Amino acid sequence: MKKASLIMMIGPLFLLGLFAFPLWNIMLGAPQYPEPLGMNIHIDGIRDMNEFDLQNIDGLNHYIGMKTLPKPEDMWEFGTFPLVIGGMVALGVLIGLLGFMGKVSYKWFMGWFVLMSVLGILGMYDFNEWMVDYGTNLDPHAIMKLANPDGTPMTYKPPLFGHAKMLNFDVTSLPSTGAWMMFTGMMFTVFAFFVGWKSQKSE
Amino acid sequence: MKKYNYFITALIASVLLLAGCGNQNGNGGSNSALASNNAEKVYVAPGEQDEFYAFLSGGYSGNLTVYGLPSGRMFKEIPVFSQFPTSGYGYSEETKPMLNTSFGFVPWDDAHHPDISQTNGELDGRWIFINGNNTPRIARISLSTFETEEIIEIPNSAGNHSSSFITENTEYVVAGTRFSVPVPQRDMPINEYKGNFKGALSFISVAPDNGRLNLEFQVMMPGFNYDLSHPGRGKSHGWFFFTTYNTEEANSLMEVNSSQNDKDFIAAVNWKIIEEYVKNGGGKKMPANYAHNVYSDETHTGTTTMKKEVLTVDPLEVPGAVFFLPTPKSPHGCDVDPSGQYIIGNGKLSADLTVHSFDKMIAAIEGKKFDGEAYGIPILKFEDVLAGTVKSGGLGPLHTEFDGEGNAYTTFFISSEVVKWKLGTWEVIDRKPTFYSVGHLMIPGGNSRKPFGKYVVAMNKITKDRYLPTGPEMEHSAQIYDISGEKMELIYDFPTHGEPHYAAGCPAELLAPKSKKIYRLDENKHEFATLTPDKARVERIGNEVHIYMSTIRSHFTPDNIEGIKVGDKVYFHITNHEQDFDVPHGFSIIGQNTSELLIMPGQTKTSIWEPKKVGVWPFYCTDFCSALHQEMQGYVRVSPASSNIELSWSLGD
């Protein structure tokens, strides 16, 4: 159980990577952008992949009537997410510590994992909602109003995961370092649960 | 019958002989395997990039052109000494000062010899320098912006030809005069040239941090013609070598009268000794008047300072500073091998090359083995300094470059060929024709301690039938040879722009990674910049109107302007707000008496417009910037001089 608790203490610390590394990355390449434009989505805001990328994405998007990318102060999520992640790290380490001292059972480890997963899915849902709004809530006075072959107005929601062709742009959206670290940390807690469960059985 | 057979045999033989000569024009067309092999060597596939940068001087275009090797594709023309309406260089208010001289605004020059900055004798890719031959000037061009940053005029000089060669740590860029002149200039009979004219050799220091040029001193030499020069390197670092012709000091019908002496000189100048002499207070200050023009890529503006004094050095007052090396037949090119041991004098009226030995020269100086003097300057004995003679069988050697493998490559103007020979043994290894009458040649780094001996580019003076004819005036031709093997191989032929004299090349990776993509708007310190669109405005000061305008895809802010009157002097100060690579905006307005402006991202440029007619006049973006480029336009309302319409400006209402 001591070993399991140690693993449980280490796992949540991986989530601290989200404060340094982006959660998600979206790249936009086009014939005239052989070096693609890119945005990194951090838990506290959207940043340039290379300097001036956001400015240039906004500049291009104005043709099709998309809003400019949100600044940290424009979305409550960028204030809240760091608090939630910070809280979950503290909670996870605390659970590990209490497990180490024998105050809580290994089942709490799974409890933390489930809570984190639910929060993660909610976060993804919220992120997707924003992308839908960003890609479909277009300025009616847009310079270029394009229609799909079936006559419906064309929209520009970036993919949540994977690749999509949008006009002249190839858009690729994938989890980034921060997300992978979060995933690793969460796997640690599941592992801690199993180690705890096994040590219980052997006793 | 027997006779008849002889005749047939002779006929067949001569046909075979002719066929054998069929490849003399070097196009390789009759041997398709060879031709396709050569095609592969120069083929840079779409999307791929060249291995080397090549900077070819523009000669009478006054500019510098940038090419890729081995493809021969031209990337850019960098305006230096000539007005360039394509970008507005020399027309915009910011760049007009770059062409100021003591003779006023001189919008043209003859640009000859580019040289890339060096550290420890190796190319470092910070700057490239080039000389203006006609109104003596030296320019420094940034190799991150590829723009002219500085031009300094050279006083007491005329025909600034043995220039702009740099010492091996870029301590100095050196500029010698081809035409000797009275110093100071004065009204005197031309035929009193002999003994009275002077030849100034100018040493211009280069500040290591920002490249700033300063004319440190001029060595006032006898009135010969200082034709070309190159620095010593390695063991001969600290010396500079200049070829001379017209040691006869003729002043008329020079083609005959200055070709009478069997030998002219290579002047060996120990600039380290002179530098020391000057540091200790030596030399004589004389009044002068010359322009120093500096461009800042923060203010995006050039400024002119007139300098009023120059330090001159009489070589006779500095013992051990200058010696003459007799060199046959009006030597032209003066080239130093990568080790610094050999100084090659290309005797342009002979078949041979004269190679002097630096070690022998030092020994002769130390042994004081002099063969008389010229105007008090010791002349060394020809035999004492001679390392060897290259008997080439060619005619009219001009210039030599090196491959770093112990071989030298010399151009022969009259016999129109490049000859490869071996340093030390002086044996000729190979020769290949050029098309036609080659001047300079260039191996990337070929005049440094570390050449990149893969290609040589031969730059020719005569084009004739090489390309589709374009009337009497044609661009000059250049050829690329693969020199990686024992024998040279002609692999490509391409037209150049202007008249390239010398060129300089370097590996692409030295420059490509640091080539600037944009100017940062947040570093723009232009006096008339419009840093945010809400600062766009129009101001009147008497009859001067200043329009502070910004651009971004795809509109001008403002794009409707009223209240301008006939007789106003309207300044369009335009700031490009793009911060995206390769998105310039242009600006032009009907009836503009200058050129358009081409404004790079983050840059501010100014054009003056003096409306002469009442009306509503359009302006527009000249660079196809986006899908809505055609819509990037605006109007200026011009009212009669007596009108009292207030200034107003707007966008989008």
Side-chain angles (χ1 to χ4, degrees), chain A residues 25-40 45-74 135 138-148 153-156 158 165-171, chain B residues 44-50 75 144 508-509 512-524 530-534 550-557 559 575-585 599-603 621 623-634 651-653:
Chain A
N25 170 270
I26 301 178
M27 298 301 287
L28 301 103
Q32 50 281 81
Y33 285 93
E35 280 181 47
L37 299 170
M39 53 176 131
N40 281 326
I46 303 176
R47 299 184 203 165
D48 291 306
M49 181 80 184
N50 293 300
E51 200 179 7
F52 304 118
D53 277 1
L54 298 189
Q55 179 181 333
N56 291 325
I57 291 168
D58 285 342
L60 294 167
N61 286 348
H62 99 278
Y63 289 119
I64 48 176
M66 290 170 80
K67 288 201 275 283
T68 56
L69 289 162
K71 303 274 177 292
E73 60 272 18
D74 297 340
L138 305 175
D139 182 349
H141 298 294
I143 295 164
M144 295 165 84
K145 285 191 277 282
L146 300 171
N148 293 311
M154 195 178 272
T155 58
Y156 309 99
K165 182 91 185 158
M166 288 161 60
L167 301 180
N168 55 331
F169 276 91
D170 282 293
V171 185
Chain B
V44 178
E48 301 285 305
Q49 296 188 340
D50 279 281
F75 303 144
S144 63
E509 66 263 20
K514 69 183 182 87
S515 176
K516 217 178 179 75
K517 292 186 168 168
I518 57 163
Y519 298 101
R520 295 183 64 104
L521 191 61
D522 58 13
E523 288 174 1
N524 182 326
T530 307
L531 295 179
T532 53
D534 60 299
S550 70
T551 64
I552 198 153
R553 280 165 288 178
S554 283
H555 55 271
F556 294 97
T557 310
D559 66 1
T575 305
N576 182 351
H577 280 201
E578 303 287 351
Q579 294 286 272
D580 196 358
F581 183 31
D582 200 18
V583 189
H585 289 294
I599 310 140
M600 296 304 125
Q603 202 176 40
C621 172
D623 186 297
F624 207 109
C625 54
S626 77
L628 290 140
H629 159 74
Q630 294 300 76
E631 285 77 2
M632 193 163 171
Q633 59 186 36
L651 167 75
D653 45 40

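Given the structure is predicted, the values throughout are model-derived calculations rather than measurements. So you know, we letter chains A, B, ... as the sequences are listed, proteins then strands, and number each from 1.
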Margin query: Take a 6.0 Å sphere around CD of Gln49(B) and say whether it holds more than 12 heavy atoms from other residues, nucleotides or ligands.
Written below: no

Margin query: Does Glu35(A), at its CD atom, have more than 12 non-hydrogen atoms belonging to other residues, nucleotides or ligands within less than 6.0 Å?
Written below: no

Notebook entry, point to check: Side chain, backbone, both or neither: which part of Gln32(A) has a heavy atom under 4.5 Å from chain B?
Noted result: neither

Item checked: Residue selection (most heavy-atom pairs with chain A, distance under 4.5 Å) from Leu628(B), Val583(B), Asp580(B) -> Asp580(B)

Checklist line | Any side-chain heavy-atom pair of Tyr63(A) and Ser554(B) under 4.5 Å | finding: yes

Notebook entry, point to check: Rounded to the nearest 0.5 Å, how far apart are CD1 of Ile143(A) and CZ of Arg553(B)?
Noted result: 11.5 Å

Next item on the list: Could you pull out the closest heavy-atom pair between Asn56(A) and Gln579(B), with the gap in Å?
Entry: ND2-O, 3.4 Å

Item checked: Over all atoms of both residues, closest heavy-atom pair of Gln55(A) and His577(B) -> NE2-O, 3.6 Å

